[in-house]
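Chain A is the first sequence line, chain B the second, and so forth, proteins listed ahead of strands; every chain is numbered from 1.
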Amino acid sequence: MSQDYLLSLNGVYKKFNKEEVLKGISFTIKKGEIVGYIGNNGAGKTTTVNLILQFLKPDRGEINYGFNDRDLFSNLSHLPEENLFPDFLSGKDFLNYFYYFKTRTPLPDHLIDFFDSFFEIKGYLPKKIKSYSKGMKRKIGIVNAILPFSNLIILDEPFEGLDPSSQIALLKLIKEVNEKYGSSFFISSHILSNLEELCHRIIFLKKGKIELNEKMEDLEKRGLKLKNLFEGLNNG
Amino acid sequence: MKTSLLLAKMELKKSVNSNRLWVIITINLFVVVFAYFKVLKVHNRITFDFLLNSLLMLNGINLLFINANLVWEDFSQGIFKLLKTSNVKIKEYILGKTFFVVFVNLALLFMVSVLIFPLNLGHFLYYLSNLLFLLFYLFLISFPATLFLLLLSLYLPNYSNSLVYFLLIFGSVFLEELTSGLWNKVARYFSMALPNLFKVGYKLKEFILYGKVNYYLVLYCLLLAFAYFVFLLFALKKRRVI
């Protein structure tokens, strides 16, 4: 890979009807980085994700990928905010089918074992997804998003619907995948404490503009807590 | 190819799960049983032909109706986004839907053929000969039909717009209207020509006889095609391509 970034947004603007949702945002994600994306409801987080996934086109500005644009979804995977599933499938079928779509190879058993060690999903796999609880649906969605260990994994509100022990398991899972497989993560979430523990860098979006883009270690050196910082930036 | 087959398998699971297929199978059984009694009673080949041709058309409409529904559901439930971000290409998606329609239609036709077999060997052969044509016909029609429905879905101004939903369903019926006439002509021609397979002149005569164009149907289709063209232009302006 010639570029030192996986994703780069340069002065991206997006307008819906007459309302400007994104006002020239710029940031990059480097290989191996875990980036937290925070902001109030309606700040433009999901619009950013949709732009990265090419569901929308920017009005102005550029989005560049550190890999071939044509192979976008071989290098990038996504957990949507809502649980979007073909819920008529069993969990096993769902994971098998979508792993095949992404990689064109069958899903190996050892990968199921790997995820089972975090989420205990094996017992649920033969059952149909529509019979799952909200938390279980979230877990199977997360496994599906992470499974091919893409270069860049985008998780939109991954902690939503998860009980505390599953949230802890997810934190461990993301760290392990990041270290073991070198995947980068772009995580949009409202759970600041989890992001604080997990992320290498934080991007704060306010009314379509980036107010903060800093490394967590720099914030820690300055003794700043994400919660206080969020309050300060939000009121300021 | 394997991706498309997997997608078709997914659709089959969805259909079985939502009882749609069972409704179609029940209708088929009902009509065949009805045809049995009718034929046994009056020995009227025209009635029998009419009933079974109606059945064929009904299955075609039902399946395109289901296909329109499936494309619509993929969009409204976000499954299409999930497929797209899972590296499924548009052509694989359309081919998957086409396979589904072809498989189910063939299975239904085979079922009807087997049911008819004890009653009348001629009719059985007639229906079995349809299988061959159907394969060709469905690939020819279902692929562009799905592409058309997909294009409509892509350019929809608003996913929750009930008018658009209506147009999707209406579109599938329109496509069926457009094609069923042609299909019936070809199938009938083939069945008539089957016993005279080597008589080229006879085949030609039959083709000319049954290949006549229904001008009202053409006019109807042209009007609908124009309406769709205007609608697509409108939708194109409203929504960006995904």
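- Taking NZ of B:Lys81 as the start and NE2 of A:His78 as the end, the distance is 8.0 Å to the nearest 0.5 Å.
- Partners of A:Asn144 according to the side-chain hydrogen bond (donor to acceptor under 3.5 Å, both in side chains) rule, which considers only residues two or more places apart in sequence or in another chain, are A:Lys102.
- Rounded to the nearest 0.5 Å, atoms CG (B:Asn87) and CG (A:Asn75) are 9.0 Å apart.
- At least one side-chain heavy atom of B:Leu83 sits under 4.5 Å from a side-chain heavy atom of A:Phe98.
- Within a 6.0 Å radius of NZ in A:Lys23, other residues, nucleotides and ligands contribute more than 12 heavy atoms.
- In this structure, the separation between CG on B:Leu82 and CZ on A:Phe101 is 9.5 Å, given to the nearest 0.5 Å.
- Here B:Ser86 contributes atom OG and A:Tyr100 contributes atom OH; the two are 13.5 Å apart, rounded to the nearest 0.5 Å.
- Counted within 6.0 Å of CD on A:Glu120, heavy atoms from surrounding residues, nucleotides or ligands total 12 or fewer; the atom is thus considered open.
- Using a 4.5 Å cut-off on side-chain heavy atoms (C-beta onward), A:Pro86 and B:Met10 make contact.
- The neighbour count for A:Lys175 NZ, taken as heavy atoms of other residues, nucleotides or ligands under 6.0 Å away, is above 12.
- In terms of heavy-atom pairs under 4.5 Å with chain B, the best-connected choice from A:Tyr97, A:Tyr99, A:Phe85 is A:Tyr97.
- Interface remark: A:Leu76 contributes backbone atoms only to the contact with chain B (heavy atom separation under 4.5 Å).
- Using a 4.0 Å cut-off between charged side-chain N and carboxylate O, B:Lys13 and A:Asp93 make a salt bridge.
- Residue pairs meeting the side-chain hydrogen bond (donor to acceptor under 3.5 Å, both in side chains) criterion with at least one partner in residues 103-117 of chain A, sequence neighbours excluded, are A:Thr103-A:Thr105, A:Arg104-B:Thr3, A:Arg104-B:Glu92, A:Asp113-A:Lys122.
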